[in-house]
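Below: one structure, written as structure tokens.
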Amino acid sequence: MSSSVAGPDCCGGLGNIDFRQADLCVMTRLLGYVDISDPHFVAAVLAITFNPLFWNVVARWEQKTHKLSKAFRSPYLACYFLGCVILLLNFLRSHCFTQAMLSQPKMESLDNPTAYRAGLALLGVGSVFVVSSFLALGFTGTFLGDYFGILKEARVTTFPFSVLDNPMYWGSTANYLGWAIMHASPAGLLLTAVVALVYVVAVLYEEPFTAEIYRQKASQSRKRS
């Protein structure tokens, strides 16, 4: 999803986390609960990694060739189509994530009302970031409209971009983390780590490219003026 119109990064999101400092003992404990060869778990990992790869490849292909815009005879219709496909893929990802959790054992230390409430709170915070990001960016701003030539006049700096960079990504990660905790699921926690890692890579891949799109727009505007 587009992060090119995000405002200044106050908190840095998960992009500033040094994963090398992660407690490997915690990861080892999680792996003791998780069967990574389980078909549901494998399907969830594939869905998590495929989605950002798909939308980045398609978006860059469109930016270079305008094939989708030509096929739909409108960049807006093409963007709406791609956005709907991304939404369907995200629903599939969430379904695979849930099935992977249900197919594997729970962690006793998380299976209690306090942890459930903490997970519910994370789910609520994540939903606020996701929904407010969508409202701030609109459909085309959320679903890669800049690759279709649908650019905003100015960078979005209102909430949630005023407090967090890439709030759509990190809100989604918080949703998965909350969902995993609510289910007391080690498999869900491990898959959430995969979600976070994939989003970190996606941000590193997307931001320089989309920043260049807006740099070119600003340069063209200066020349016309």
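The residues of the chain are indexed from 1 along the displayed sequence.
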Quick one: closest heavy-atom pair of [X] and [Y], and the distance?
{"X": "Ala202", "Y": "Pro52", "value": "CB-CB, 4.3 Å"}
{"X": "Ala196", "Y": "Thr173", "value": "CB-CG2, 4.0 Å"}
{"X": "Ser172", "Y": "Val130", "value": "N-CG2, 3.5 Å"}
{"X": "Val203", "Y": "Pro208", "value": "O-CD, 4.2 Å"}

Distance (rounded to the nearest 0.5 Å) between [X] [atom1] and [Y] [atom2]:
{"X": "Leu137", "Y": "Asp146", "atom1": "CG", "atom2": "CG", "answer": "9.5 Å"}
{"X": "Asn56", "Y": "Asn51", "atom1": "CG", "atom2": "CG", "answer": "11.0 Å"}
{"X": "Tyr116", "Y": "Leu123", "atom1": "OH", "atom2": "CG", "answer": "9.0 Å"}
{"X": "Asn112", "Y": "Ile181", "atom1": "CG", "atom2": "CD1", "answer": "10.5 Å"}
{"X": "Ser185", "Y": "Leu110", "atom1": "OG", "atom2": "CG", "answer": "9.0 Å"}
{"X": "Phe81", "Y": "Phe148", "atom1": "CZ", "atom2": "CZ", "answer": "9.5 Å"}

Using the rule that Ile, Leu, Val, Met, Phe, Trp and Tyr join whenever any side-chain heavy atoms are under 4.5 Å apart, tell me whether [X] and [Y] fall into a single cluster.
{"X": "Leu87", "Y": "Val85", "answer": "yes"}
{"X": "Val195", "Y": "Leu204", "answer": "yes"}
{"X": "Ile48", "Y": "Leu46", "answer": "no"}
{"X": "Leu88", "Y": "Leu144", "answer": "no"}
{"X": "Leu53", "Y": "Trp55", "answer": "no"}

**Message:** What verdict does the side chain to side chain contact (heavy atoms under 4.5 Å, CB included) test give for Glu207 and Asn166, after you've listed the backbone C-alpha separation in whole Å, the side-chain angles of each residue and the deciding distance to 0.1 Å?
**Reply:** CA-CA 10 Å; Glu207 286 196 338; Asn166 302 294; 3.2 Å; yes

Heavy-atom side-chain contact between [X] and [Y] under 4.5 Å:
{"X": "Trp61", "Y": "Tyr147", "answer": "no"}
{"X": "Ser37", "Y": "Val42", "answer": "no"}
{"X": "Tyr205", "Y": "Val200", "answer": "no"}

Return all side-chain donor-acceptor pairs below 3.5 angstrom for residues 67-77, not counting sequence neighbours, or 'none' if the list is empty.
residue	atom	partner	partner atom	Å
Ser69	OG	Glu62	OE2	2.5
Ser74	OG	Tyr76	N	3.2
Ser74	OG	Leu77	N	3.3

**Request:** Look only at the side chain of Trp170 and the backbone of Asp165, and say whether a donor-acceptor pair between them is shorter than 3.5 Å.
**Result:** yes

**Request:** Report yes or no: does Asp111 contribute a side-chain atom to a donor-acceptor pair with the main-chain N or O of Met107 at less than 3.5 Å?
**Result:** no

**Asked** Partners of Thr192 by side-chain hydrogen bond (donor to acceptor under 3.5 Å, both in side chains), sequence neighbours excluded?
**Response** none

**Prompt:** Residues two or more places apart in sequence or in another chain: which of them pass side-chain hydrogen bond (donor to acceptor under 3.5 Å, both in side chains) with Ser133?
**Reply:** none

**Prompt:** Are Asp35 and Gln104 close enough that a side-chain donor and a side-chain acceptor fall under 3.5 Å?
**Reply:** no

**Message:** Is it the case that the side chains of Glu206 and Tyr169 hold a donor-acceptor pair, with the cut-off being a distance below 3.5 Å and no angle test?
**Reply:** yes

**Message:** Leu89 vs Phe50, test: side chain to side chain contact (heavy atoms under 4.5 Å, CB included). Steps then yes/no.
**Reply:** CA-CA 9 Å; Leu89 287 172; Phe50 173 78; 4.0 Å; yes

**Asked** Who passes side chain to side chain contact (heavy atoms under 4.5 Å, CB included) against Phe159, sequence neighbours left out?
**Response** Val128, Phe129, Ser132, Ser162, Val163

**Message:** Run the side chain to side chain contact (heavy atoms under 4.5 Å, CB included) test against Thr158 and tell me which residues pass, sequence neighbours left out.
**Reply:** Ala136, Val156

Quick one: side chains of residues 92-99, donor-acceptor pairs under 3.5 Å with protein atoms, not counting sequence neighbours, listed by atom name and distance.
residue	atom	partner	partner atom	Å
Arg93	NE	Tyr176	OH	2.9
Arg93	NH1	Tyr199	OH	3.1
Arg93	NH2	Asn90	OD1	3.4
Arg93	NH2	Tyr199	OH	3.4
Ser94	OG	Asn90	O	3.2
Ser94	OG	Tyr176	OH	2.9
Thr98	OG1	Ser94	O	3.0
Thr98	OG1	Trp179	NE1	3.1

